[in-house]
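Quick caveat: nothing in here was measured; it's all calculated off a predicted structure. Worth knowing before you read on, the calculation uses all heavy atoms, side chains too, and leaves out hydrogens, waters and symmetry mates.
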Amino acid sequence: MDVENTLGRVGHITGEAFQRFLVAKGVGDVCPTCSTKGEMAIAVNDPDGSEQEKAPAIRLIRRLPDEPHLGYGELMQVCQNCGFIRYFRDIEVLAFLREGADNG
């Protein structure tokens, strides 16, 4: 597996790579709030729709209040029916992608 293509530009995780992680970990596509199936979408930064699956997944950086130089990243899925947001720490996704690159 080509880690550079998986991570996209400047180390961003692509929507496609994040989807592979979700499938491998058995994360379903049923919203835990409204129970609608197939409406959990990966939030990506692709304003004009040109990048499609290669678009970078939106990554939030949370800073710790008492230690502003420390923090962690999160990727998200959004229910297109009710707006529920589900977060995943980026470190686990990155480890999964790197492990796949080492094994592939």
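With rounding to the nearest 0.5 angstrom, the CZ atom of Phe88 is 4.5 Å from the CD atom of Gln77. The distance from the CD atom of Glu16 to the CD atom of Gln19 is 9.5 Å, given to the nearest 0.5 Å. In this structure, CG on Asp29 lies 10.5 Å from OG1 on Thr36, to the nearest 0.5 angstrom. Atoms CD and SG, on Glu39 and Cys31 in that order, are 9.0 Å from each other to the nearest 0.5 Å. To the nearest 0.5 Å, the span separating CZ on Phe18 from CD1 on Ile42 amounts to 5.5 Å.
No continuous path of hydrophobic side-chain contacts links Ile61 to Tyr72 [ILVMFWY only; heavy atoms under 4.5 Å]. Cluster membership check: Leu97 shares its hydrophobic cluster with Val44, using side-chain heavy-atom separations under 4.5 Å among Ile, Leu, Val, Met, Phe, Trp and Tyr.
Checked by atom type and distance alone, the side chain of Asp90 never pairs as donor or acceptor with a backbone atom of Leu94 at under 3.5 Å.
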Going through the checks in order, is the side-chain contact (heavy atoms from CB on, under 4.5 Å) test met by Val27 and Phe21?
-> CA-CA 9 Å; Val27 177; Phe21 168 83; 5.6 Å; no
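At least one side-chain heavy atom of Pro32 sits less than 4.5 Å from a side-chain heavy atom of Phe84. The side-chain heavy atoms of Leu75 and Ile58, taken from C-beta on, include no pair separated by under 4.5 Å. With contacts defined as side-chain heavy-atom distances shorter than 4.5 Å, the pair Leu60/Met76 qualifies.
Counting non-hydrogen atoms of other residues, nucleotides and ligands closer than 6.0 Å to CZ of Arg62 gives a total above 12. Heavy-atom neighbours of Ile91 CD1 from other residues, nucleotides or ligands within 6.0 Å: at or below the threshold of 12.
Using a 4.0 Å cut-off between charged side-chain N and carboxylate O, Arg59 and Glu74 make no salt bridge.
Relative to the six-membered ring of Phe96, Arg20 misses at least one condition, a distance below 6.0 Å or an angle of at most 45° to the axis.
What you find for Gly28 and Arg86 is that their closest heavy atoms are O-NH2, 3.2 Å.
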